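Just so it is clear, the model here is predicted, and its values are computed rather than measured. Remember, it's 1-based here, ligands and their atoms both numbered in the order they're listed.
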Amino acid sequence: MSAIIIDGKAISLKVREEVRPRAAGLRARGIIPCLAVILVGEDPASLSYVTAKEKALAEAEMASRDFRLPASTTEKELLTLINRLNADVNVHGILVQLPLPAHISEERVITAIDPQKDVDGFHPVSVGNMVLGRPGFLPCTPHGVLVLLRELKIPTAGAHAVVLGRSNIVGKPLANLLTRRDVNATVTICHTGTKDLSAITRQADILIAAVGRAGLVTADMVKEGAAVIDVGVNRVTDPSAKKGYWLRGDVDYEAVAEKAAYITPVPGGVGPMTIAMLLQNVVEAAERFAESRGRFAGSAEFSC
Ligand code: GUN
């Protein structure tokens, strides 16, 4: 078997095209959807991610305010900035690129973001809403994976989905979303404590790798005909590469593509979906702001 290659770029463009008129509608009402993007330090991968996010916002005619802070920034300084952005009515979303330098508590920083502006879906309130199936912002990468499965019409109901990795950003929320009634997969999460990993991955109808280890998933770990979603983006050093490194996923792509029915490439698979879902969340945040402002204006009129 040779797998169908899932074109995340094409599907992400479709999502972005749906976002465009919504952003235009807001602009017509004098509201420019705006995301504050905070990067602390100079991690090259993080820098390339935030640059890509800001470029996508500009292409959708949305605004971004970028804050590039030195690695020496204190937690207090970062929290002060977040409080300022929480209070700024012209900012609809706040994104703090992770990971943060070790001296800053990610938990305190994420919790400081106003949940109404938490377009990453990382705040405990957003996580709680997601788990309870209530409206709220869904984390971008897991949401993007669900959209890929839906767009490709990959059957999920009753499927055994195996998620490799238990991060707060991908593994945990993705496992949760896969159990939603409208997805209805049976989910196994594997992590560093898992025994006989291959025995479990070989049972997967849908195998999702999100561990951050290049080539971890080899062909012998994959069931014939499985859908394989590769969330990993790893820089593998190679002096012969133009940039000095190659981007590789967590999956041994060439060999697994011979066995799977569907596979996402790296780059060009899940990555573009993360950005598209972020744009969707930003426009959603701005729409909610517009709605609440409308209600507020209405009630003010009423009370006069
Ligand atoms: N680091 C890796 N992925 C993400 C993401 O989706 N959002 C943020 N803020 N940081 C990340």
Side-chain angles (χ1 to χ4, degrees), residues 8 12 15-16 34-57 64-69 71 73 78-79 81-82 85-86 91-102 104-115 117-127 130 136-148 163-174 176-177 208-213 229-235 247 249-250 264 266-267 269-282 284-285:
S12 76
V15 174
R16 285 165 64 164
C34 176
L35 176 67
V37 181
I38 304 172
L39 174 64
V40 185
E42 275 142 32
D43 176 64
S46 292
L47 181 60
S48 86
Y49 295 144
V50 298
T51 306
K53 289 169 186 178
E54 288 168 347
K55 184 165 168 259
L57 283 159
S64 63
R65 285 209 213 147
D66 55 323
F67 297 87
R68 304 277 155 88
L69 308 179
T73 302
L78 184 52
L79 292 174
L81 172 60
I82 290 171
L85 295 169
N86 280 341
V91 170
H92 307 104
I94 301 171
L95 180 145
V96 180
Q97 186 65 26
L98 303 178
L100 286 167
I104 300 178
S105 157
E106 288 186 357
E107 193 183 326
R108 274 196 287 275
V109 168
I110 289 167
T111 309
I113 296 171
D114 180 346
K117 300 190 180 189
D118 175 36
V119 289
D120 256 328
F122 295 165
H123 191 285
V125 167
S126 304
V127 177
M130 176 194 69
F137 296 114
L138 295 180
C140 304
T141 303
H143 193 191
V145 170
L146 288 196
V147 173
L148 287 181
V163 178
L164 306 185
R166 58 176 154 190
S167 70
N168 289 342
I169 296 181
V170 184
K172 277 191 231 169
L174 186 52
N176 182 269
L177 290 171
I208 302 168
V211 287
R213 275 184 50 193
I229 310 292
D230 194 349
V231 181
V233 184
N234 308 287
R235 290 186 174 202
L247 287 184
D250 290 349
T264 57
V266 176
V270 175
M273 293 305 295
T274 298
I275 295 180
M277 303 328 289
L278 173 68
L279 297 189
Q280 198 178 75
N281 279 352
V282 174
E284 172 97 33

| Do Gln280 and Cys140 touch side chain to side chain, with heavy atoms closer than 4.5 Å? | no
| remark: among protein heavy atoms, the one nearest atom 8 (C) of ligand 1 is Asp120 OD2, 3.5 Å
| Below 4.0 Å from any atom of ligand 1, is there a heavy atom belonging to Phe122? | yes
| query | Measuring from the heavy atoms of Lys53, does anything fall under 4.0 Å of ligand 1? | reply | yes
| task | Please determine if Glu54 and Arg68 form a salt bridge, counting it only when a charged side-chain N lies under 4.0 Å from a carboxylate O. | result | yes
| Among protein heavy atoms, which sits nearest to atom 4 (C) of ligand 1, and what does the distance come to when rounded to 0.1 Å? | Gln97 NE2, 4.1 Å
| said: Ignoring hydrogens, what is the shortest heavy-atom contact between Leu69 and Ile38? Give both atom names and the distance. | reply: CD1-CG2, 3.9 Å
| Given side chains that start at C-beta, do those of Leu78 and Leu100 come closer than 4.5 Å, heavy atoms only? | yes
| query | At under 4.0 Å between heavy atoms, which part of Val96 makes contact with ligand 1: side chain, backbone, both or neither? | reply | backbone
| request: For Gly8 and Pro272, work out which heavy atoms get closest and say how close. | output: O-CB, 4.0 Å
| field | Side chain, backbone, both or neither: Leu95 near ligand 1, heavy atoms under 4.0 Å | value | side chain
| If every non-hydrogen atom of Ala210 is compared with every non-hydrogen atom of Val170, which pair is closest and at what distance? | CB-CG1, 3.7 Å
| query | Among protein heavy atoms, which lies nearest atom 1 (N) of ligand 1, and at what distance? | reply | Leu98 O, 2.9 Å
